[in-house]
Amino acid sequence: MQTLPTALRYFHEVASTGSISEAAEAQHVSASAISRQITQLEHQVGSAVFRRHARGMELTDAGVLLLAHTRRMLAEGEQLTHDLSELSIGASRIIEVVSSEGLAASLTPRAVSAFCKEHPEVSVHLSVLPSAEATRQVIEGTADLATIFALGPQRGVNVEHSCPAPAYAVVSTGHPLAVRTQVSLAELCDYPMSMPAKGITQRELFDIATSMAGLTPKIVLTTDHINPAMEFARSGAGVTLLSHFARRDGLSHGLKFIPIDHPALAERTAQILTMPRRRQPALVSALIQQIAAHMQEY
């Protein structure tokens, strides 16, 4: 069932492909039909929505706003179609959740599990993605909500809930640093370390802090996954950095979490993201509340 007007459907296709000819091919119409609808749309909104270049079509500021509106309409239309289909066959509601690795290790699935116990008629599809990709899926309406780590407010999304997620030094209980109640960056750099790849928020903060302090860390294991990092620390091979969300559910057995004495490593937050101004189904709102409550418990 098509829920978008023709002009907006063609506009969305051109915005996605950056080309009238590619949009025409995808929509199985002529390029002139696409151009005619875009021209009519620009007349209706009173502003150009594309800048025409030899290399393709580029959104104007008005086009960016219209694309956000179109994505909301498309997401709500797809949800309506899905809900109507489910009503006809008695199927369960599916909520699409995307989560960054650090939150998907414990917090997000704990909250989802509690939600599913309360709402057995609902199915949740949980995907683990880098924070940037998770955010993109929320912006585009592919996901209903995301749980991510971020360094500040996110553009193009609604932050439903946010809480501090400082980095802790994590070592085995037999490590020399395990007796400490706090540790400095310089002390961390005296030991082999496991860190995520460049581009991950925690790694960005660590690199900035060590660079400003003139320190050279000994990074011997690079991994974007929490389990290898924890096993590295648990084995006594060295130090890794994790948030306090990893301390639950037995994940931290044999490990000591130590606060780090540096303000930069306290700047990260855990956030729940949704598409701005999208009408949220009651069940999605209930899941958001469940995840937020779990964040507050840690």
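This is a predicted model, so every value here is computed, not measured. Note that the numbering runs from 1 along the sequence shown for the chain.
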With no hydrogens and no angle check, is any side-chain donor or acceptor of Ser235 less than 3.5 Å from a backbone partner on Phe232? yes

Indicate yes or no for a side-chain donor-acceptor contact from His294 to the backbone of Gln290 under 3.5 Å, with no hydrogens or angles considered. yes

Would you say His53's side chain and Arg55's backbone share a donor-acceptor pair under 3.5 angstrom? no

Straight-line distance of Glu267 CD to Leu205 CG, nearest 0.5 Å: 6.0 Å

So which heavy atom on Asp224 is nearest to which on Ala197, and how close? OD1-N, 2.8 Å

Does a donor on one side chain and an acceptor on the other come within less than 3.5 Å for Thr17 and Ser19? no

Under the 3.5 angstrom rule, does the side chain of Gln37 hit a backbone N or O of Phe11 as a donor-acceptor pair? no

Whether Thr269 side chain and Gln271 backbone form a donor-acceptor pair below 3.5 Å: no

Test item: Leu273 and Val159 side chains (from C-beta on) under 4.5 Å apart, heavy atoms: yes

Beyond-backbone contact of Met275 with Ile139, side-chain heavy atoms, under 4.5 angstrom: no

State the CE-OG distance between Met295 and Ser162, to the nearest 0.5 angstrom. 8.0 Å

Closer than 3.5 angstrom, by distance alone: can the side chain of His175 be matched with the main-chain N or O of Leu177 as a donor-acceptor pair? yes

Kindly indicate whether the side chain of Tyr168, heavy atoms from C-beta on, has any atom under 4.5 Å from the side chain of Ile258. no

First locate atom CZ of Phe206, then atom NE2 of His262, and finally report the distance between them rounded to the nearest 0.5 Å. 10.0 Å

Using 0.5 Å steps for rounding, measure from the NE2 atom of His161 to the OG1 atom of Thr147. 11.5 Å

For Pro196, does its backbone N or O pair with a side-chain atom of Arg203 as donor and acceptor, under 3.5 Å? yes

Closest approach of Gly102 and Ile226, non-hydrogen atoms and distance? O-CD1, 4.4 Å

Hydrophobic cluster identity match, Phe115 and Ile291, side-chain contacts under 4.5 Å: yes

For residues Met193 and Leu241, determine if any side-chain heavy atom of one lies less than 4.5 Å from a side-chain heavy atom of the other. yes

Do Arg268 and Gln202 have side chains that approach each other closer than 4.5 Å (heavy atoms only, starting at C-beta)? yes

I'd like to check Met57 versus Arg52 (side-chain heavy atoms, cut-off strictly below 4.5 Å). Are they in contact? yes

Within a 6.0 Å radius of atom CD on Glu25, are there more than 12 heavy atoms belonging to other residues, nucleotides or ligands? no

For the student: nearest non-hydrogen atoms of Phe245 and Ala270, plus distance: CE1-CB, 3.7 Å

With the side chain counted from C-beta on, respond yes when His119 and Leu283 share a heavy-atom pair under 4.5 Å apart, and no when they do not. yes

Using modelled atom types and a 3.5 Å cut-off, is there a donor and acceptor pairing between side-chain atoms of Glu187 and backbone atoms of Ser184? yes

Would you check if the side chain of Thr108 reaches a backbone N or O of Leu103 as a donor-acceptor pair within less than 3.5 Å? yes

Looking only at heavy atoms, what is the nearest atom pair of Ser172 and Gly236, with distance? OG-CA, 3.7 Å

Look only at the side chain of Ser131 and the backbone of Ser100, and say whether a donor-acceptor pair between them is shorter than 3.5 Å. no

If hydrophobic clusters are built by linking Ile, Leu, Val, Met, Phe, Trp and Tyr wherever their side-chain heavy atoms come under 4.5 Å apart, do Leu242 and Val183 end up in the same one? no

Heavy-atom side-chain proximity of Leu66 to Leu8 below 4.5 angstrom: yes

Rounded to the nearest 0.5 Å, how far does CD1 of Ile148 lie from OG1 of Thr201? 8.0 Å

